[in-house]
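Here the structure is a predicted model, which is why all the values come from computation and not from measurement.
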Amino acid sequence: MQLKIETSKRIELVDITSQVQEEVSKSEIAEGICLISTRHTTAGIIINENESGLKEDILDLLNKLVPAGAGYRHDRIDNNADSHLKAVLLGASEALPVSAGKLELGMWQRIFFAEMDGPRSRTVNVTLLKA
């Protein structure tokens with residue numbers, strides 16, 4: 001299954017939890033594993049809390065760790081090396097247990113598509129494995 005994501009900023013976190021849970025519900029898999037992944041090399045998938053200050057803190061941290069225009073060699077090609085490097089730090093996938101037909105998330109946990117080189121049209125893969 002694939003989710004289509006439209007991002008609106010160069011760097012942003014998009015909460016996709018509801019869409020992923022909808023795919024889990026449609027699958028009728030009661031017990032198993034849900035793998036959420038992206039094939040984009042300038043994006044990531046993360047799990048964290050959907051609180052506006054924390055989301056800004058995460059993006060600020062990434063920008064401090066990997067600032068744009070810091071003389072990266074890849075910038076000679078398309079000027080987005082910082083986006084690739086940020087994505088390396090985040091990772092391209094997350095795996096979650098499915099129990100009783102629902103994603104096993106903590107009270108405050110949400111699934112985010114992390115855009116590092118937008119705005120763009122993106123795809124997120126949702127793969128379900130039955131236990």
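When atom types are taken as modelled, the side chain of N48 and the backbone of R110 share no donor-acceptor pair closer than 3.5 angstrom.
For L105, the CG atom counts as densely surrounded, since its 6.0 Å shell holds more than 12 non-hydrogen atoms of other residues, nucleotides or ligands.
Under the rule for a side chain to side chain donor-acceptor pair (under 3.5 Å), the partners of Q21 that lie at least two apart in sequence or sit in another chain are S25. Partners of E56 under the side chain to side chain contact (heavy atoms under 4.5 Å, CB included) rule, at least two apart in sequence or in another chain, do not exist in this structure. Annotation: side chain to side chain donor-acceptor pair (under 3.5 Å) contacts of S121 (sequence neighbours excluded): E6. Shown here are the side chain to side chain donor-acceptor pair (under 3.5 Å) partners of T38, two or more places apart in sequence or in another chain: there are none. Residues satisfying the side chain to side chain donor-acceptor pair (under 3.5 Å) test with E28, not counting sequence neighbours, are none.
Under the salt bridge (charged side-chain N to carboxylate O under 4.0 Å, His left out) criterion, no residue pair touches residues 89-103, with sequence neighbours excluded.
Side-chain contact between I58 and L62 is present, with at least one heavy-atom pair separated by less than 4.5 Å. I45 has its side chain within reach of F113: a pair of non-hydrogen atoms, C-beta onward, lies under 4.5 Å apart. Within the 4.5 Å cutoff, the side chain of I36 has no heavy atoms near those of the I47 side chain.
N125 and T127 form no side-chain donor-acceptor contact under 3.5 Å, judged by distance and modelled atom types alone.
The minimum heavy-atom distance linking N50 with K55 is given by the pair OD1-NZ, 3.0 Å.
The side-chain contact (heavy atoms from CB on, under 4.5 Å) test with E115 is passed by exactly one of K9, K86, R122: R122.
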